[in-house]
Amino acid sequence: MINMTNNNSITLNNVSKWYSSHKAVTDVNLEVPEGCLMALVGHNGAGKTTLMKLILGLIQPTSGNISILGKDPGDQSLFKYREGIGFLPENISFEANMTGRELIAFFSRLKQVKKSRGIELLEMVGLAEAMDRRFKTYSKGMKQRLGLAQALLGKPRLLLLDEPTSGLDPAARLHFYDIIRDLRQDGATILLCSHVLTELEAQTDSVTVMNSGRVIASGTLDELREQAGLPLSMRITVKEGMSEQIASPLRAQQATITKLNGRHLELECAPQSKMQLLRHISKAGSDVEDVELFNSSLDQLYAVFSDRKGA
Ligand SMILES: Nc1ncnc2c1ncn2[C@@H]1O[C@H](COP(=O)(O)OP(=O)(O)OP(=O)(O)O)[C@@H](O)[C@H]1O
């Protein structure tokens, strides 16, 4: 859950990054509160990875200011605090001839973490059986798990994950989000880039949508729904032959009936009319057997914001 103490783990003020005349990121303002999981979404080339590199201090902004964990990420003298930051890049690649065990031992030394913790993490990500095999023999999903294990070394307070579930099978994805939940319970802040919007919905506190280097929308899912102005859908199951009778007063309440047959009616309404409509529906008593509500999905919200920018 979002920590309400107003402490931001990441703050970007008017950050731009240009490569020669190419604007990879333009005037980005972003605040990620401590303990929050924010998803960064956007088309290919929208600027998500560039933003992560800026936050990590791997590249310098052309203009604007960045603060992570209260520090300037570009300050090379601040090596010590990097122990508190974990990063999983999009296309993970390690020395091909080293085994998983050797690689995690190497990263454990770099992060000044006990080797045994590295081994524990390999076991946690499901690489116990494969840790003595060379990296070059690993499948894409196994490489990704090893990348995740190295990102988790040192109990990071801030985790940056670029497409963390790419290559993972469905069971491994579920396991990944279990790990993320545990980290969040320990207070970690997570910024996660993904194109798999459906799996993000249940996990994120907030979503930032990027397009052509700019932030075009940001907020909780409910805030984004309000900004997008998409209708809420309802599916009502009624006693046989009662649908028209129940639909009539709902039309007068600004609901748009989209489908109607003997036992079902489907409608769309403004999200703020929901309770008023439900009160009307409940007046029908036992003639109404079920009401299902469908909020707009992150996929639908993303499509709305992308279209608005003509993407
Ligand atoms: N080193 C670089 N030199 C020149 N242009 C770059 C460089 N890195 C990124 N870009 C450009 O900046 C823009 C943003 O790229 P970025 O990798 O941040 O996008 P992304 O949102 O992460 O995309 P994807 O979803 O495909 O990973 C793109 O137009 C890309 O071509």
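Counting convention: from 1, in listed order, for ligands and their atoms alike.
A donor and an acceptor atom, one from each side chain of Ser248 and Glu244, are located under 3.5 Å apart. Side-chain contact annotation: Ser166 with Lys140, donor-acceptor N/O pair under 3.5 Å present.
Contact annotation: for Glu163 versus ligand 1, there are no heavy atoms closer than 4.0 Å.
Counting only non-hydrogen atoms, the option in Lys48, Lys17, His22 that gets closest to atom 25 (O) of ligand 1 is Lys48.
In the hydrophobic cluster analysis, where Ile, Leu, Val, Met, Phe, Trp and Tyr join through side-chain heavy atoms closer than 4.5 angstrom, Leu232 is grouped apart from Leu301. Leu56 and Val32 fall within the same hydrophobic cluster, defined by Ile, Leu, Val, Met, Phe, Trp and Tyr side-chain heavy atoms under 4.5 Å apart, directly or through other members.
Polar contact check, Gly45 against ligand 1: a nitrogen or oxygen pair lies under 3.5 Å apart. Looking at ligand 1, you'll find an N or O of Thr49 within less than 3.5 Å of one of its N or O atoms. Remark: ligand 1 and Gly42 share no N or O pair separated by less than 3.5 Å (distance only, no angle test). Checked against a 3.5 angstrom limit, the closest N/O atoms of Leu51 and ligand 1 fall outside it.
Of all atoms in ligand 1, listed by their number and element, those nearer than 4.0 Å to a heavy atom of Asn44 are 23 (O), 24 (P), 25 (O), 26 (O).
In this structure, CD on Gln203 lies 9.0 Å from CG on Leu192, to the nearest 0.5 angstrom.
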